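Structure first, commentary second.
In this text the structure is predicted, and so the values were computed from the model without any measurement. Per chain, numbering begins at 1; letters A, B, ... match sequence-line order. Both backbone and side-chain heavy atoms feed into the values below; hydrogens, waters and symmetry mates do not.
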Amino acid sequence: MPELPEVETIRRGIEPFIVNNRVCRVLLRTPKLRWPVPADLDRRLGGQVVQRVERRAKYLLLRTAVGTLLIHLGMSGYLRTLQGDQPPGKHDHADILFDDGFCLRLNDARRFGALLWLEGDPQRHPLLAGLGPEPLSAELSGEVLFKKGRGRRLAVKSFIMDSRIVVGVGNIYASEALFVAGIDPSRAAGRISRQRYRRLAAAIREVLQRAIAAGGTTLRDFSDQQGRPGYFAQQLQVYGRAGEACTVCGQPIVKIILGQRASYFCSRCQN
DNA sequence: CTTTACGCCTGACGGC
DNA sequence: TGCCGTCAGGCGTAAA
């Protein structure tokens with residue numbers, strides 16, 4: 001389930017292989033993922049040179065002179081990199097083949113992902129236009145969170161998972177960041193001080209940054225295959241650890257449901 | 001305006 | 001062994 005760190009790791013992994021590389025063709029095996037995949041994608045992307053590989057939130061953007069291929073991996077999606085042709089396996093929905101024999105293959109068992117063709121400025125596309133700040137940029141600050149949180153009764157965990165507030169904070173890292181910041185996930189977003197939001201903004205950045213650093217080592221080799229993203233589970237402090245001792249105080253980690261999502265926290269360290 | 005519920009989809013897992 | 005129900009989860013959309 002790729003969260004932002006996984007997507008960024010994938011971006012960095014594929015970038016050197018496809019920037020300045022020309023797409024020779026696109027092979028679609030599945031007509032619809034989350035939305036219908038443009039049937040004429042081969043005609044649009046074929047022959048185009050990938051100029052840049054960007055990421056906005058959890059969307060990957062492969063930019064060409066005439067348009068942008070948007071890729072979202074949903075929950076179960078991953079990209080593999082292949083050389084030459086290899087027989088497709090189960091849930092291998094699309095291949096992007098390049099002139100030099102390089103192939104980017106999209107696999108997504110649950111098909112919650114997306115493959116779309118965007119023309120014009122991608123930032124104007126409805127999927128991207130309303131997004132909040134990137135968590136790793138200076139645009140995210142405690143002040144921004146504090147201001148957006150005014151008057152809201154929503155649980156802060158659900159609040160930071162709202163992509164209009166800040167992008168790329170998925171279920172796992174939301175719990176982790178709130179633990180680092182010492183904030184109870186169920187606390188209303190409007191009832192958190194500026195000071196504590198500053199700590200939260202820093203915690204979000206730190207947790208994501210650390211996961212990217214870990215991904216850079218575990219997913220380094222993209223030349224073979226397996227851009228299969230992991231959870232970086234080895235360094236999670238609360239997520240999925242209900243009943244286990246808090247790494248700081250030893251209290252058992254508690255699991256609660258917020259906004260229909262599993263949430264984990266330490267009732268002693270977080271308030 | 002905010003908040004909540006649901007649907008999309010498959011694989012893993014537990015109970016029988 | 002197999003069948004069935006439940007859960008997981010990003011994110012858009014509908015409904016309250």
If I take atom [atom1] in residue [X] and atom [atom2] in nucleotide [N], what distance separates them, rounded to the nearest angstrom?
X	N	atom1	atom2	value
A/Leu73	C/dA8	CG	C1'	17 Å
A/Leu258	C/dA8	CG	P	13 Å
A/Asp162	C/dT13	CG	C1'	14 Å
A/Leu128	C/dC11	CG	C1'	13 Å
A/Gln260	C/dT6	CD	C1'	15 Å
A/Arg34	C/dG10	CZ	P	12 Å
A/His72	C/dG12	NE2	P	8 Å
A/Leu70	C/dG10	CG	C1'	13 Å

Original post:
Will you find, in the side chains of A/Asn21 and A/Asp99, an N or O donor that is under 3.5 Å from an N or O acceptor?
Top reply: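 No, because no side-chain N or O of A/Asn21 sits under 3.5 Å from a partner of the opposite role on A/Asp99.
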Original post:
Can a donor-acceptor pair be found between the side chains of A/Asn107 and A/Asp92 at a distance below 3.5 Å?
Top reply: yes
Original post:
Is the shortest side-chain N/O distance from A/Tyr173 to OP1 or OP2 of C/dG10 below 4.0 Å?
Top reply: no
Original post:
Would you say A/Arg210's side chain and A/Ile212's backbone share a donor-acceptor pair under 3.5 angstrom?
Top reply: no
Original post:
Of the nucleotides B/dT3, B/dA5, C/dG10, which has the atom closest to the A/Leu154 side chain?
Top reply: B/dT3
Original post:
Which listed nucleotide (C/dG10, C/dA8, B/dT3) is nearest to the side chain of A/Lys255?
Top reply: C/dA8
Contact class for [X] (heavy atom, under 4.0 Å): base, sugar-phosphate, or nothing?
X	value
A/Lys148	nothing
A/Arg153	sugar-phosphate
A/Phe159	nothing

Original post:
Applying the 4.5 Å side-chain criterion to the ILVMFWY set and letting contacts propagate, would A/Val167 and A/Leu116 be lumped into a single cluster?
Top reply: yes
**OP:** Answer yes or no for A/Arg150 and A/Phe146: cation-pi contact, defined as NZ/CZ to six-membered ring centre under 6.0 Å and angle to ring axis within 45°.
**Re:**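 Ring-cation test returns yes.
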Subject >> Cationic N near anionic O, under 4.0 Å, A/Arg25 to A/Asp42 >> reply: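 Salt bridge: no.
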**OP:** Tell me which of A/Arg261 and A/Arg164 sits closer to the 5' end of DNA chain B, going by the nucleotide each one is nearest to.
**Re:**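 Counting from the 5' end, the first nearest nucleotide belongs to A/Arg164.
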**OP:** For nucleotides 9-14 of chain B, just jot down a letter per nucleotide in 5' to 3' order: B, S or -, based on protein non-hydrogen atoms under 4.0 Å.
**Re:** BBS---
Original post:
Looking at side-chain heavy atoms only, is the closest gap between A/Glu134 and A/Glu139 below 4.5 Å?
Top reply: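 A side-chain contact under 4.5 Å is absent here.
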